Protein chains: 2
Amino acid sequence: MDLKQALDLLKKHGYKYTNKRELMMDIFLRESRYLSAREVLDQMQEDFPGLSFDTVYRNISIFEKLGIVEGTEWDGERRYRFHCNRDTHHHHIICTKCGRTREIRVCPMNAILGEPDNFEITGHKFEIYGICADCEGDHAPRH
Amino acid sequence: MDLKQALDLLKKHGYKYTNKRELMMDIFLRESRYLSAREVLDQMQEDFPGLSFDTVYRNISIFEKLGIVEGTEWDGERRYRFHCNRDTHHHHIICTKCGRTREIRVCPMNAILGEPDNFEITGHKFEIYGICADCEGDHAPRH
DNA sequence: ACCTTAATTGGATTGATTCCGTTTTGTAAA
DNA sequence: TTTACAAAACGGAATCAATCCAATTAAGGT
Ligand SMILES: [Mn+2]
Ligand SMILES: [Mn+2]
Ligand SMILES: [Zn+2]
Ligand SMILES: [Zn+2]
């Protein structure tokens, strides 16, 4: 999934092309790590000083619905990253300092299938948290 | 782990015994499902009308630190339940309507061990979400 | 009973997220 | 290329969970 594919996805679902949306995707794409809404806003305001929080949240919500970004939450804040692979389902090891990830190819649900009764399964979450090599020590996280 | 053990844990760590703390544990114990701070407050105010949010949050935070309750988060709200078993590590299938759980005995970390390099692991989360038998359909969740 | 300190209160504050009326902009039709 | 209309963005207010704080109350040891 690249920028063009994502923009096509927007168009296919009747959303308009705007330079703000393109920049937002650009940011997610080049950072390729989990970002909070505030981090996205800060980066976007370098190009669009008056940009509103509402624009960030509205577009993130659209992006998430279309599968362009995927979200999670830690330290009481939601974070989002470019959906790294739309074909194969997998999970992540996440650095809680800088939001960078490593992939876990296995999904524990495969071992669970058939197990749960009396529950209509709607989703699952498997994440490993830690500190990446660049962030360990006292120094500020390198992005 | 029962009420007495939990109260002993408090005492052992130098916290005072109060009827509010006992009631709070009582509630977690008899509900044995995930509760939000607001739900705990509402139930406690039946006995202590003037009870403050701060008391709920402060005590939850102490309970979590001592391992008396365990917390998670969904729909943008933190929730807590009595720590169901202090000896064996396991995970849960959670009903996102009523907060009741079923146990998953396996932990996917066992299969991962040895895998991750360049990451100092600090924690992990494996949860399956769904709707329990009592909550499915249109009717209100039965607690 | 008294003293010291922790616990609780109640109200203010923070901070993330959502909401909303107004203005601007993208896009398709004329 | 203009025009028209709906969607997007703006800016600021509102919401809501969670935290903070100064003043009061209560627990537990002496
Ligand atoms: Mn990935
Ligand atoms: Mn359990
Ligand atoms: Zn890192
Ligand atoms: Zn349920």
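Residue numbers begin at 1 in each chain, while the letters A, B, ... track the order of the sequences. The shown structure was predicted, so the numbers you read here are calculated from the model rather than taken from an experiment.
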Item to check | Test: B:E39 and B:R33 ion pair at under 4.0 Å | outcome: yes
Next on the checklist: Using whole Å, what does the distance between atom C1' of nucleotide D:dA17 and atom CG of A:D75 come to?
Outcome noted: 16 Å
Checklist entry - Of B:Y129, B:F82, B:W74, which meets ring pair (Phe, Tyr, Trp, His ring centres under 6.0 Å) against B:Y34? => result B:W74
Checklist entry - Taking atom C1' of D:dA18 as reference, at what distance in whole Å does atom CD1 of B:I60 sit? => result 11 Å
Checklist entry - Could you give the CG-to-P distance, from B:L35 to D:dA18, as a whole number of Å? => result 13 Å
Checklist entry - What integer distance in Å separates A:L23:CG from D:dA8:P? => result 17 Å
Item to check | Per-nucleotide protein contact string for nucleotides 19-30 of chain D, where B marks a base within reach and S marks sugar-phosphate only (heavy atoms under 4.0 Å, - for neither) | outcome: BBB-----BS--
Item to check | Phosphate OP1/OP2 of D:dA18 contacted by B:R58 side-chain N/O (<4.0 Å) | outcome: no
Next on the checklist: Taking B:V40's backbone N and O only, do any of them form a donor-acceptor pair with B:Q43's side chain (distance below 3.5 Å, no angle check)?
Outcome noted: no
Item to check | Protein-nucleotide distance (A:L41, atom CG; C:dT18, atom C1'), rounded to Å | outcome: 15 Å
Next on the checklist: Using the ring centroid of each side chain, check whether B:H91 and B:H124 are separated by less than 6.0 Å.
Outcome noted: yes
Checklist entry - Over how many whole Å does the gap from B:L51 atom CG to C:dA7 atom C1' extend? => result 11 Å
Checklist outcome for this item: Note: for B:P49 and B:G14 on DNA chain C, the residue whose nearest nucleotide lies more 5' is B:G14
Checklist entry - When you match A:I62 and B:S36 each to their closest nucleotide on DNA chain D, which lands nearer the 5' end? => result A:I62
Checklist entry - At under 4.0 Å between heavy atoms, what does B:T55 touch on the DNA or RNA strands: base, sugar-phosphate, or nothing? => result base
Checklist entry - D:dA18 C1' sits how many Å from A:E77 CD, rounded? => result 13 Å
Item to check | Residues B:D8 and B:K4 bridged, charged N to O under 4.0 Å | outcome: yes
Next on the checklist: Tell me the interatomic distance from A:H13, atom NE2, to D:dA7, atom C1', rounded to whole angstroms.
Outcome noted: 17 Å
Next on the checklist: Salt bridge or not between A:R100 and A:D134? Use side-chain N to carboxylate O under 4.0 Å.
Outcome noted: yes
Item to check | Salt-bridge present (A:R79, A:E77; N to O < 4.0 Å) | outcome: yes
Item to check | A:R78 side-chain N/O to C:dT17 phosphate OP1/OP2 under 4.0 Å | outcome: no
